[in-house]
Amino acid sequence: GKGMVDAFSEVRLKRKGGGTATIIFKSSKAGRKVFQGTTIDLIVMDEEPPEDVFLECVTRLITSGGHMLLAFTPLQGLTKMIQSFEEANKDPGDMKKYIRVAQYDCPHFTQQMLDDYAASIPDWAKDARIRGIPMLGSGAIYQFDVNQVTCDSFPIPDDWYVWYGLLS
C-alpha cells in the first residue's frame with residue numbers, strides 16, 4: 001500500500017502447469033473503487049470490510065465463479081454482515097458459510113500462550129478476541145462483560161416501573 005516501505009502491490013507467479021498467477025494486494029480502507037473493473041478468482045480479507053467494499057468484491061467474483069474468504073475478530077459486534085452469514089447457515093442452499101473459530105481451535109497456540117493472552121485483556125473483550133463471538137453490549141460503550149448484568153427472562157410484575165436507557 002501507499003506509504004509502506006518495501007511493500008509489494010502485485011506479485012506474479014509462474015504456474016507449474018504453465019501460465020501466470022497474479023496476487024494483488026489492496027486495502028479496503030482505500031474504498032470500493034480500487035476493486036472495480038477486474039475479474040478476480042479469490043479474495044481473502046483479514047478484517048471485516050465496510051459493506052460497500054464487501055458488495056464490490058462479491059461483484060468481482062461473479063464472472064469468475066470465484067470465492068471469498070473473510071477472517072476477522074468480530075469487534076464491531078453483530079453487524080449486518082455477520083447476521084447475513086448466520087442466516088445463510090440456516091439455508092442449505094445458500095453459498096455463504098459462517099464458521100466461528102476460537103483461538104482454542106488454532107493448533108499453533110499453546111495453552112500457556114492462550115492463558116497469558118487471556119490474562120492481558122479485559123474481561124469484556126474476551127468473548128470476541130478469544131472465542132470469536134461478536135461483541136454485544138460491551139466494548140466502546142460498556143467496559144464490562146454483558147453477562148455480568150443480564151439474567152434469564154421473567155414476567156415483569158404490573159407494579160414495577162420499566163426504564164430503558166443508554167449512557168455514553
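As the structure is a computational prediction, the values presented were derived from the model and not from experiment.
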Verify same cluster id: I130, I82 (apolar side-chain graph, 4.5 Å): no

Can you give me the closest heavy-atom contact between I23 and L13, atom names plus distance? CD1-CD1, 3.7 Å

Using every non-hydrogen atom in the two residues, find where L78 and P134 come nearest and quote the distance to one decimal. N-CB, 3.8 Å

Identify whether V58 and Y98 are in the same connected component of the hydrophobic contact network (ILVMFWY, side-chain heavy atoms under 4.5 Å). yes

Check: F35 and C57 side chains under 4.5 Å, non-hydrogen atoms: yes

With side chain to side chain donor-acceptor pair (under 3.5 Å) as the test, would you mind laying out the steps for E47 and S28 before giving the verdict? CA-CA 9 Å; E47 293 299 335; S28 63; over 6 Å; no

Grouping I, L, V, M, F, W and Y whenever their side-chain heavy atoms are under 4.5 Å apart, do F72 and M45 come out in a common cluster? yes

Does any non-hydrogen side-chain atom of S84 lie less than 4.5 Å from one of K96? yes

Verify same cluster id: F85, L55 (apolar side-chain graph, 4.5 Å): yes

Is it true that the side chains of S64 and T39 contain a donor and an acceptor less than 3.5 Å apart? no

Check whether any side-chain heavy atom of K126 lies under 4.5 Å from a side-chain heavy atom of I121, and answer yes or no. yes

Judged by modelled atom types alone, do T22 and E10 share a side-chain donor-acceptor pair under 3.5 Å? no

Is it true that atom OH of Y161 has more than 12 heavy atoms of other residues, nucleotides or ligands lying nearer than 6.0 Å? no

Is any side-chain heavy atom of V101 closer than 4.5 Å to a side-chain heavy atom of C106? yes

Please find the pair of heavy atoms, one from L75 and one from A128, that lie closest to each other, and give the distance. CD2-CB, 3.9 Å

Check: K97 side chain, N89 main-chain N or O, donor-acceptor pair, under 3.5 Å: no

Between I40 and L61, what is the shortest heavy-atom contact and its length? O-CD2, 3.3 Å

Specify the closest pair of heavy atoms between P92 and K90, including all atoms of both residues, with the distance to one decimal. CD-O, 3.5 Å

Least distance between heavy atoms, R129 atom then Y117 atom: CD-OH, 3.1 Å

Look at the side chain of R100 and the backbone N and O of G132, then say whether any donor-acceptor pair between them is shorter than 3.5 Å. yes

Does the D91 side chain pair with the main chain of A88, one donor and one acceptor, at a distance under 3.5 Å? no

Should T20 and R15 count as side-chain neighbours, where that means a heavy-atom distance under 4.5 Å? no

Can you tell if the side chain of E87 reaches within under 4.5 Å of the side chain of Q83, non-hydrogen atoms only? no

Measuring from atom NE2 of H108 to atom CE of M113, what distance do you get when rounded to the nearest 0.5 angstrom? 7.0 Å

Rounded distance [0.5 Å steps], CD1 in I24 versus CZ in R12: 7.5 Å

Can you find a pair of side-chain heavy atoms, one from F54 and one from M68, that are under 4.5 Å apart? yes

Heavy atoms from other residues, nucleotides or ligands near CG of D152 exceed 12 (cutoff 6.0 Å): no

How about E51 and M81: do any of their side-chain heavy atoms sit closer than 4.5 Å? no

Working to the nearest 0.5 Å, report the span between CG of D105 and CD1 of I99. 10.5 Å

Taken to the nearest 0.5 Å, the spacing of K26 NZ from T38 OG1 works out to 5.5 Å

